[in-house]
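Data block below; observations after.
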Amino acid sequence: MDYRDEFNIITKAQNERLRQQDRDDLNNELRGTNVGRVARFLSPEAREIIQGDRKDKKGLDPLELALLSMNYTEFCNQVMDENRAAQSKVTALQERIANLKEKLDDRLDSMLDQAVTLPDGRKAFIDEDGSVYTEDHQLVDPALVDGIDWEGRPAYKGYVGILKDRETLDQYGQRADEMSLSLGDIANRLEDLKDDPKHRAEVEAIRKEQGILAEDIDNLAETVTQIGEKYDDSREPSQSAPSQFMAAAPKVDGLNF
């Protein structure tokens with residue numbers, strides 16, 4: 001191998017490293033990192049505009065303006081893609097909450113159908129300590145339920161547990177709706193800012209705000225999943241799940257409504 005072959009091998013390796021650097025820089029630009037390919041070809045004045053330290057674009061030549069615009073457009077597109085992904089997540093979360101609320105409503109209807117009916121028409125449930133409560137949590141006079149067989153009837157603890165989870169899902173649904181509105185507002189703000197690179201610092205702040213929302217969506221989705229698992233018929237009963245029925249109760253001769 002003569003010196004020319006060795007030189008060509010070295011040159012080829014250097015060129016490959018440069019191409020890899022170019023690919024890495026492009027990926028950085030697409031992620032919004034301000035050390036990428038386009039910034040390499042800009043003057044210090046143009047880079048100041050990208051970083052939000054300078055608002056005035058006077059003094060930049062047409063090529064710099066074009067490169068600056070291309071860099072900013074790619075960045076805005078990336079942030080808008082992240083917004084659409086977050087909106088897709090929150091829409092899926094809203095659907096999960098709605099479906100789970102419907103499932104709990106069915107459970108509650110079933111429990112009321114199987115609950116003891118008092119002479120005045122109210123539904124009643126027995127608690128672990130033997131106290132009896134109506135569906136609206138009013139304590140029932142023991143004399144009124146004396147002699148009732150509670151075996152196999154829905155338990156008050158289970159009834160209350162489902163009611164609490166149902167109320168929690170209402171709150172989570174409202175929060176998910178607020179998140180969806182916030183993401184829609186962010187999308188509108190991004191649309192207004194996408195054509196002018198001088199707003200890059202503002203878009204950076206919006207991206208952080210949007211990232212916090214996306215994280216909140218993930219956390220809320222995990223909590224909803226935990227609630228749903230308690231009512232998953234395909235899973236083994238969990239100790240954390242509310243006890244919905246009286247496994248056994250002493251039978252007392254007398255009335256059995």
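All of these numbers come straight from a predicted model, not from anything done at the bench. Position 1 is the first residue of the sequence; numbering continues from there.
The two residues Gln94 and Ser180 come nearest to each other via the heavy atoms NE2-CB, 3.9 Å. Annotation for Ile217 and Leu93: closest pair O-CD2, 4.1 Å, computed over non-hydrogen atoms. Among all heavy-atom pairs drawn from Ala115 and Ala124, the shortest one is CB-O, 3.6 Å. Of all heavy-atom pairs between Val90 and Ala176, the closest is CG2-O, 3.4 Å. Minimum interatomic distance between Leu139 and Ser131 (heavy atoms only, all atoms of both residues): CD1-CB, 4.0 Å. For the residue pair Val79 and Gln210, the shortest heavy atom distance occurs at O-NE2, 3.1 Å.
Classified by interplanar angle (parallel below 30°, tilted 30° to 60°, perpendicular above 60°), the ring pair Tyr156/Tyr133 is parallel.
Counting heavy atoms of neighbouring residues, nucleotides and ligands inside a 6.0 Å radius, atom CD of Glu178 exceeds 12 of them. Heavy atoms of other residues, nucleotides or ligands lying less than 6.0 angstrom from CD of Glu209 number more than 12.
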query = Going through the distances and angles, do Arg207 and Gln78 end up as a side-chain contact (heavy atoms from CB on, under 4.5 Å)?
reply = CA-CA 10 Å; Arg207 189 184 197 185; Gln78 178 68 19; 3.7 Å; yes
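In summary, Asp81 and Arg84 engage in a salt bridge, as defined by a charged side-chain N under 4.0 Å from a carboxylate O. Residues Asp105 and Lys101 are not paired through a salt bridge, judged by the lack of any N-O separation under 4.0 Å between the basic side chain and the carboxylate.
The closest donor-acceptor contact from the side chain of Thr168 to the backbone of Lys164 lies under 3.5 Å. Checked by atom type and distance alone, the side chain of Asp127 never pairs as donor or acceptor with a backbone atom of Asp129 at under 3.5 Å. Between the side chain of Asn77 and the backbone N or O of Thr73, at least one donor-acceptor pair lies under 3.5 Å. Of the possible donor and acceptor atoms, one in the side chain of Lys103 sits under 3.5 Å from a partner among the backbone N and O of Tyr231. Counting only distance, with no hydrogens or angles, the side chain of Lys123 and the backbone of Leu112 share a donor-acceptor pair below 3.5 Å. Although no hydrogens or angles enter the test, the distance criterion places a donor-acceptor pair under 3.5 Å between the side chain of Tyr159 and the main chain of Glu135. Using modelled atom types, one side-chain atom of Thr225 and one backbone atom of Ala221 make a donor-acceptor pair closer than 3.5 Å. Of the possible donor and acceptor atoms, none in the side chain of Arg153 sits under 3.5 Å from a partner among the backbone N and O of Phe125.
Partners of Asp136 according to the side-chain contact (heavy atoms from CB on, under 4.5 Å) rule, which considers only residues two or more places apart in sequence or in another chain, are Thr134, Gln138. Partners of Tyr172 under the ring pair (Phe, Tyr, Trp, His ring centres under 6.0 Å) rule, at least two apart in sequence or in another chain, do not exist in this structure.
Under the 4.5 Å side-chain heavy-atom criterion for ILVMFWY residues, no single connected hydrophobic cluster contains both Leu181 and Leu220.
Looking at Asn83 and Gln87, their side chains do bring a donor and an acceptor atom within 3.5 Å of each other.
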